[in-house]
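Working notes, structure below.
Given the structure is predicted, the values throughout are model-derived calculations rather than measurements.
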Amino acid sequence: MPEPQPVAGGESIQAFYQRPSRYQVVTAANFAAVADGADVSPSALPLLSAEFGAEYGDASDAWRVEISRADQKSMHQDDLEFVISQAIIRGYAKQIDKRVLSAIVATTPDAWSLAAAAAHGLRFGECRAVIGSTATGAAVGADGVLRAGGLSAELTDVVTPTIAGAFYRAGCAVENELRVLIERRDVQGTLVVTVFATMQPVIADPGAFFTVSA
């Protein structure tokens with residue numbers, strides 16, 4: 001996300017910020033035959049975009065862990081820091097996946113087929129599949145490659161259906177830092193770690209995604 005800018009309107013509202021922006025995908029220009037001497041018909045800019053920022057701040061994602069003094073003493077401090085940092089990094093990435101994939105599912109994608117992908121102007125090489133928790137349409141080939149709908153695929157537990165499409169046409173706006181709060185809350189020395197993150201999925205081209213059936 002870009003850095004926030006003060007909202008214009010005087011000193012009384014300088015506590016309010018806005019930072020609208022957009023996720024953009026450039027598509028192919030549509031060339032067409034034109035007769036000598038004829039005018040060229042204008043086209044719209046071949047740019048797909050999804051704005052974000054308007055809903056920014058509506059909700060945060062958070063994670064909290066409480067570590068007893070006994071657990072702290074059973075691990076070296078460097079090891080404990082490593083475990084916490086790795087858990088945050090992996091959990092942050094997983095939550096981004098969940099937000100983006102859930103946003104795609106919410107658009108109620110059409111059924112996957114090669115014809116549907118071709119009609120939308122997608123190339124086969126840019127399409128992938130993400131297999132949800134029910135493993136709908138999933139199969140492992142004799143070559144050991146996981147596929148769904150004939151596409152190379154990966155597993156996830158953050159959504160239920162299997163989704164196929166050109167995933168570079170979606171993204172997630174995130175802040176450039178995470179807010180981590182570390183506290184000692186009682187005389188027993190319990191360590192409480194709380195992490196807050198703000199993210200917003202942006203789907204530049206909803207029509208580039210499909211659901212795979214069994």
To the nearest 0.5 angstrom, please state how far the [atom1] atom of [X] sits from the [atom2] atom of [Y].
X      : Y      : atom1 : atom2 : result
Leu80  : Met75  : CG    : CE    : 5.5 Å
Asn30  : Ser43  : CG    : OG    : 6.0 Å
Arg147 : Ile131 : CZ    : CD1   : 11.0 Å
Thr27  : Arg169 : OG1   : CZ    : 6.5 Å

Hey, any chance [X] and [Y] share a hydrophobic cluster, counting ILVMFWY side chains that come within less than 4.5 Å of each other, even indirectly?
X      : Y      : result
Val180 : Ile89  : no
Val212 : Leu114 : yes
Met199 : Leu101 : yes
Phe210 : Ile163 : no
Val159 : Ile203 : yes

Considering all heavy atoms, the nearest [X]-[Y] contact:
X      : Y      : result
Ala116 : Ala111 : CB-O, 4.1 Å
Pro46  : Ala28  : CB-O, 3.7 Å
Tyr23  : Ala170 : OH-O, 3.4 Å
Ala153 : Ala148 : CB-N, 4.0 Å
Pro201 : Val100 : CB-CA, 4.0 Å
Ser74  : Asp71  : OG-O, 2.7 Å

Mind checking what makes side chain to side chain contact (heavy atoms under 4.5 Å, CB included) contact with [X], not counting sequence neighbours?
X      : result
Phe196 : Ala62, Arg179, Thr194
Thr134 : Thr136, Thr160
Glu81  : Gln77, Asp78

Hey, is [atom1] on [X] packed in by over 12 heavy atoms from elsewhere, all under 6.0 Å?
X     : atom1 : value
Asp36 : CG    : no
Phe82 : CZ    : no
Arg69 : CZ    : no
Asp79 : CG    : yes

Are [X] and [Y] packed together at the side-chain level, in the sense that at least one heavy-atom pair is separated by less than 4.5 angstrom?
X      : Y      : result
Tyr92  : Leu178 : yes
Phe167 : Ile104 : yes
Asp205 : Val25  : no
Thr190 : Arg185 : no
Arg128 : Glu154 : no

Test side-chain contact (heavy atoms from CB on, under 4.5 Å) on Phe124 and Leu151 and set out the steps.
CA-CA 8 Å; Phe124 185 77; Leu151 301 173; 3.3 Å; yes

I would like to know whether Arg184 and Leu191 meet side-chain contact (heavy atoms from CB on, under 4.5 Å); could you show each step before the answer?
CA-CA 5 Å; Arg184 296 277 187 190; Leu191 185 68; 4.1 Å; yes

Could you tell me whether Lys98 and Asp61 have a side-chain N and a carboxylate O separated by less than 4.0 Å?
no

Would you find a donor on one side and an acceptor on the other, under 3.5 Å apart, between the side chain of Trp112 and the backbone of Gly149?
yes

